[in-house]
A.B. asks: 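Got a structure here, written out as structure tokens. Questions coming.
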Protein chains: 2
Amino acid sequence: MGLTKSEIFTDEQNQLSQLLKAMAHPARIAILQRILISNTCICGDLVEELGLAQATISQHLKELKTAGLIQGTIEGVSVCYCINPVTWKLMEKQLGAFLSAYKGEAHCC
Amino acid sequence: MGLTKSEIFTDEQNQLSQLLKAMAHPARIAILQRILISNTCICGDLVEELGLAQATISQHLKELKTAGLIQGTIEGVSVCYCINPVTWKLMEKQLGAFLSAYKGEAHCC
DNA sequence: TATATTAATCGTATTATTGCAATGTATTAA
DNA sequence: TTAATACATTGCAATAATACGATTAATATA
């Protein structure tokens, strides 16, 4: 108990839930929005802009990276993050299919 | 510590993260997909179809309901769930705007 | 009324998440 | 070489999430 039973769900369901979980935190949404707005790589100015400690930001970045939503490269002494196009488009597709499956016709409740 | 600092983020960021969190579990994705496929209300056959205990399913349904993604009405002895159109469309819009903010041009990392 | 049926709720054990101070690790600059 | 800069990691404490057995509440049926 206390552990998600991944084995009883499909790979697609598990994969989508992982991506959603990675985004399901206001700090990580803020980070992604910040990356999207600048449209180019950003470095560690996130710590100043968001009101969280450096260790906390670093941890959120790691989660986004582990989920494959962003990628980072070392740029001298700092690190440069940007969107991972492959995963981002995959998610756009999967989520789009999922959300648009609702045809608002038959309201029954 | 251990508590998300909602107060430092915008209402939109908090709202979107709440919706995403509500969906970010394979069981809840499976439940939503089941509701979407049948296009009409379904009741407690979820317990048989997914491999989870009745208490667990009920809890997941409650979370989806609290997030506003589904709604339920009592139908005799059973309960009938379906998509909440208002929240669903709100999420489609918000998520769509968020995801499509990425223009895959400037790859820099 | 008594008894199923259906689903919500409670209690509990286990695991995950969040946040941060402290520390570690490279890289750059002096 | 030494000091500074920029992040990553580690370790810890607090809170949240997951899952389920047991119980409760409400409705339907015999």
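All of these numbers come straight from a predicted model, not from anything done at the bench. Every chain is numbered from 1 and lettered A, B, ... according to where its sequence line falls, protein lines coming before strand lines.
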A.B. asks: With the threshold set at under 4.0 Å for non-hydrogen atoms, list the residues of residues 8-28 of chain A touching DNA chain C in residue-number order.
C.D. replies: A/K21, A/H25, A/R28
A.B. asks: OG/B/S17 to NE2/A/H25 distance, rounded to the nearest 0.5 angstrom?
C.D. replies: 7.5 Å
A.B. asks: Which distance, rounded to the nearest 0.5 Å, do you find between the CG of A/L52 and the CD1 of A/I57?
C.D. replies: 4.5 Å
A.B. asks: Going by salt bridge (Lys or Arg N to Asp or Glu O under 4.0 Å), name the pairs with one or both residues in residues 17-32 of chain A, residues two or more places apart or in two chains.
C.D. replies: A/R28-A/E63
A.B. asks: Can you tell me how far C1' of D/dA6 sits from CD of A/E49, to the nearest Å?
C.D. replies: 16 Å
A.B. asks: Rounded to the nearest angstrom, tell me the gap between atom CG in A/D45 and atom C1' in D/dA6.
C.D. replies: 11 Å
A.B. asks: Can you tell me the distance, in whole Å, between the CD atom of A/Q59 and the P atom of C/dA16?
C.D. replies: 14 Å
A.B. asks: Write down the distance between CG (B/L46) and C1' (C/dA7), rounded to a whole number of angstrom.
C.D. replies: 12 Å
A.B. asks: Under 4.0 Å: is that the gap between some side-chain N or O of A/K5 and OP1 or OP2 of D/dC20?
C.D. replies: yes
A.B. asks: Need one value for B/I57: base, sugar-phosphate or nothing, where a base atom within 4.0 Å counts as base even if backbone is also close, heavy atoms only.
C.D. replies: nothing
A.B. asks: Got a list of protein N/O to nucleotides 21-28 of chain D N/O distances below 3.5 Å?
C.D. replies:
none

A.B. asks: Has A/Y81 got a side-chain N or O lying under 4.0 Å from the OP1 or OP2 atom of D/dA6?
C.D. replies: no
A.B. asks: Within the distance-only criterion (no hydrogens, no angle test), does the side chain of A/S38 pair as donor or acceptor with the backbone N or O of A/R34 below 3.5 angstrom?
C.D. replies: yes
A.B. asks: Check whether any side-chain N or O of A/H60 sits under 4.0 Å from OP1 or OP2 of C/dT17, and answer yes or no.
C.D. replies: no
A.B. asks: Can you measure from OH (A/Y81) to CD1 (A/I70) and round to the nearest 0.5 angstrom?
C.D. replies: 6.0 Å
A.B. asks: Expressed as a whole number of angstroms, how long is the span from A/E63:CD to C/dG19:C1'?
C.D. replies: 12 Å
A.B. asks: Which residues pass the salt bridge (charged side-chain N to carboxylate O under 4.0 Å, His left out) test with A/E92, sequence neighbours left out?
C.D. replies: none
A.B. asks: Using whole Å, report how far CG of A/L50 lies from P of D/dC7.
C.D. replies: 13 Å
A.B. asks: When all nucleic acid strands are considered with a 4.0 Å heavy-atom cut-off, which category describes B/S58: base, sugar-phosphate, or nothing?
C.D. replies: base
A.B. asks: Quick one: are A/L50 and A/T56 in side-chain contact, heavy atoms under 4.5 Å?
C.D. replies: no
A.B. asks: Could you tell me the separation between the CG atom of A/L61 and the C1' atom of C/dT18, rounded to a whole number of Å?
C.D. replies: 15 Å
A.B. asks: Using side chain to side chain contact (heavy atoms under 4.5 Å, CB included) as the criterion, list what pairs up with A/S58, not counting sequence neighbours.
C.D. replies: A/Q54
A.B. asks: B/L52 CG to D/dA17 C1': how many Å, rounded?
C.D. replies: 14 Å
A.B. asks: Which donor-acceptor pairs under 3.5 Å do side chains of residues 6-13 of chain B form with protein atoms, sequence neighbours excluded?
C.D. replies:
| unit_1 | atom_1 | unit_2 | atom_2 | d |
| --- | --- | --- | --- | --- |
| B/T10 | OG1 | B/Q13 | N | 3.0 |
| B/T10 | OG1 | B/Q13 | OE1 | 3.3 |
| B/Q13 | OE1 | B/T10 | N | 3.1 |
| B/Q13 | NE2 | A/Q33 | OE1 | 2.8 |

A.B. asks: Between B/S78 and C/dT6, does any side-chain N or O lie under 4.0 Å from OP1 or OP2?
C.D. replies: no
